[in-house]
**Student:** 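Supplied in structure tokens, the structure appears directly below.
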Amino acid sequence: MIRGNAWILGDDISTDHIISGKYRFESLSLEDMLPHVFEGVIPSFYRSVKKGDIIVAGKNFGIGSSREHAPLLLKMIGISAIIAKSFGRIFYRNCINIGLPVLTAHLIPDVTVNGDLIEIDFTQSTVINLSRKIEERFTPFPKEILDIILNGGIIEYIKKKGALPW
């Protein structure tokens, strides 16, 4: 189960919105990139985000470039999950690969405001806006994918289990 406060974003948030491509060509470490996460979208994000917070977004979250460091930086900065109406396919898979839960919901993004308390229960496949007492079911992850997420991503899964589940 995951519980955290919501950060609201709209439709078509690209990997370039998460971390500008200009930092890709500089010799910055991932840690040095953290202050620049969402700098063009939410300038105060780095100073305000708390460990465990949840991103709630509209359609096409993570579209654009297949930059692996976009989801990794979100995880490093403390984001515990991302809920959106839909995702860029490569971004979605990159999140699974690093153990950052991403789930599709259609009602919760429309009824949630910044700061609402959100709870995700993977065993019940529910996401609840606790601040507004609104619940939505989501399509459960296949067992193998959920195991990868819960173990912290593919690399951690292999370290613990010795091989992938398929």
Side-chain angles (χ1 to χ4, degrees), residues 1-19 34 37-38 41-42 44-64 66-157 160 165-166:
M1 188 164 316
I2 293 174
R3 187 180 280 191
N5 292 314
W7 283 89
I8 303 302
L9 292 160
D11 294 338
D12 304 317
I13 299 297
S14 73
T15 55
D16 208 43
H17 289 110
I18 297 167
I19 185 70
L34 288 173
V37 171
F38 285 128
V41 180
I42 308 170
S44 65
F45 187 76
Y46 177 73
R47 293 183 307 281
S48 304
V49 68
K50 303 281 187 283
K51 184 173 176 55
D53 284 353
I54 297 170
I55 291 173
V56 180
K59 298 179 293 190
N60 299 321
F61 189 87
I63 58 171
S66 62
R67 286 187 202 115
E68 299 85 9
H69 54 279
L72 187 55
L73 288 167
L74 291 176
K75 186 176 179 180
M76 289 173 66
I77 209 165
I79 295 299
S80 64
I82 304 170
I83 301 165
K85 291 184 177 184
S86 64
F87 291 90
R89 189 171 54 94
I90 295 171
F91 178 86
Y92 183 90
R93 188 57 206 197
N94 283 339
C95 288
I96 300 294
N97 291 348
I98 64 164
L100 178 59
V102 283
L103 59 100
T104 303
H106 300 283
L107 174 63
I108 292 297
D110 288 338
V111 299
T112 302
V113 298
N114 276 326
D116 280 358
L117 185 60
I118 304 295
E119 181 178 272
I120 302 167
D121 185 337
F122 292 103
T123 61
Q124 299 298 314
S125 301
T126 57
V127 56
I128 305 169
N129 181 319
L130 295 171
S131 299
R132 302 188 185 285
K133 298 177 179 37
I134 298 171
E135 179 176 327
E136 181 175 0
R137 294 190 60 74
F138 60 87
T139 303
F141 290 101
K143 179 191 176 314
E144 297 82 4
I145 299 298
L146 185 57
D147 284 347
I148 288 170
I149 293 170
L150 296 177
N151 279 283
I154 286 180
I155 292 172
E156 292 304 314
Y157 183 94
K160 292 175 187 172
W166 45 80

**Student:** Less than 4.5 Å apart, any side-chain heavy atom of Ile55 and any of Ile83?
**Tutor:** no

**Student:** Measure the CD1-CD1 distance between Ile54 and Ile8 for me, rounded to the nearest 0.5 Å.
**Tutor:** 10.5 Å

**Student:** With a 6.0 Å cut-off (strictly less than), is the heavy-atom count around CG of Leu150, excluding the residue itself, greater than 12?
**Tutor:** yes

**Student:** Find the distance between CG (Asn129) and CD (Glu135) and round it off to the nearest 0.5 Å.
**Tutor:** 11.0 Å

**Student:** Okay, side chain of Glu136, backbone of Ala105: is any donor-acceptor separation there less than 3.5 Å?
**Tutor:** no

**Student:** Between Thr126 and Asp121, do the side chains contain a donor N or O and an acceptor N or O under 3.5 Å apart?
**Tutor:** no

**Student:** Taking Ile120's backbone N and O only, do any of them form a donor-acceptor pair with Arg3's side chain (distance below 3.5 Å, no angle check)?
**Tutor:** no

**Student:** Donor-acceptor check, side chain of Asn151 to backbone of Asp147, threshold 3.5 angstrom: yes or no?
**Tutor:** yes

**Student:** Short question: side chain of Ser14, backbone of His17 - any donor-acceptor pair under 3.5 Å?
**Tutor:** yes

**Student:** Are the side chains of Leu34 and Leu73 in touch, meaning some heavy atoms are under 4.5 Å apart?
**Tutor:** yes

**Student:** So for atom NZ, which belongs to Lys51, do other residues, nucleotides or ligands contribute more than 12 heavy atoms lying within a distance under 6.0 Å?
**Tutor:** no

**Student:** Anything under 30° is parallel, anything over 60° is perpendicular, the rest tilted; go ahead and classify Phe141 against Phe122.
**Tutor:** tilted

**Student:** Just verifying a value: how many Å separate Leu103 CG and Phe138 CZ, rounded to the nearest 0.5 Å?
**Tutor:** 5.0 Å

**Student:** Could you pull out the closest heavy-atom pair between Cys95 and Pro71, with the gap in Å?
**Tutor:** SG-CB, 3.5 Å

**Student:** Contact between Val102 and Arg93 at the side-chain level, heavy atoms closer than 4.5 Å - yes or no?
**Tutor:** no

**Student:** Quick one, Leu9 and Ile42 - any side-chain contact, counting heavy atoms below 4.5 Å?
**Tutor:** yes

**Student:** Looking at every heavy atom in both Ile19 and Val37, which two are closest together, and how far apart are they?
**Tutor:** CD1-N, 4.2 Å

**Student:** Would you check, one step at a time, whether the test side-chain contact (heavy atoms from CB on, under 4.5 Å) holds for Arg132 with Val113?
**Tutor:** CA-CA 10 Å; Arg132 302 188 185 285; Val113 298; 2.7 Å; yes

**Student:** Identify the heavy atoms of Asp12 and Asn60 that sit nearest to each other, and give their distance.
**Tutor:** OD1-ND2, 2.8 Å

**Student:** For the atom pair CD1 (Ile148) and CG (Asn97), what is the distance rounded to the nearest 0.5 Å?
**Tutor:** 7.5 Å

**Student:** Test Phe61 against Val56 for side-chain contact (heavy atoms from CB on, under 4.5 Å), laying out the working first.
**Tutor:** CA-CA 9 Å; Phe61 189 87; Val56 180; over 6 Å; no

**Student:** Find out whether Ile118 and Ile128 are in side-chain contact, i.e. whether some heavy atom of one side chain is under 4.5 Å from a heavy atom of the other.
**Tutor:** no

**Student:** Identify the heavy atoms of Asp53 and Ser48 that sit nearest to each other, and give their distance.
**Tutor:** OD2-O, 4.5 Å

**Student:** Give a yes or no on whether a salt bridge exists between Lys85 and Asp110, defined as a side-chain N under 4.0 angstrom from a carboxylate O.
**Tutor:** yes

**Student:** Contact between Phe87 and Ile82 at the side-chain level, heavy atoms closer than 4.5 Å - yes or no?
**Tutor:** yes

**Student:** Rounded to the nearest 0.5 Å, how far does NE2 of His69 lie from CG of Leu74?
**Tutor:** 11.0 Å

**Student:** Between the main-chain N or O of Lys59 and the side-chain N or O of Asp11, is there a donor-acceptor pair closer than 3.5 Å?
**Tutor:** yes

**Student:** Considering non-hydrogen atoms only, spot the tightest contact between Ala81 and Leu100 and give its length.
**Tutor:** N-CD1, 4.1 Å

**Student:** Test side-chain contact (heavy atoms from CB on, under 4.5 Å) on Phe38 and Ile18; report intermediate values, then the result.
**Tutor:** CA-CA 5 Å; Phe38 285 128; Ile18 297 167; 3.8 Å; yes

**Student:** Report yes if some heavy atom in the side chain of Tyr92 is under 4.5 Å from a heavy atom in the side chain of Ile96; otherwise report no.
**Tutor:** yes

**Student:** Is the backbone of Ile98 close enough, under 3.5 Å, to the side chain of Lys75 for a donor and an acceptor to pair up by distance?
**Tutor:** yes

**Student:** Do you know which two heavy atoms are closest between Gly115 and Asn5, and how far apart they sit?
**Tutor:** O-OD1, 3.3 Å

**Student:** Please round to the nearest 0.5 Å and tell me the distance separating atom CD of Glu156 and atom CD1 of Ile149.
**Tutor:** 14.5 Å

**Student:** Under a 3.5 Å distance rule, please check whether Ser131 uses its side chain to pair with a backbone N or O of Asp116 as donor and acceptor.
**Tutor:** no

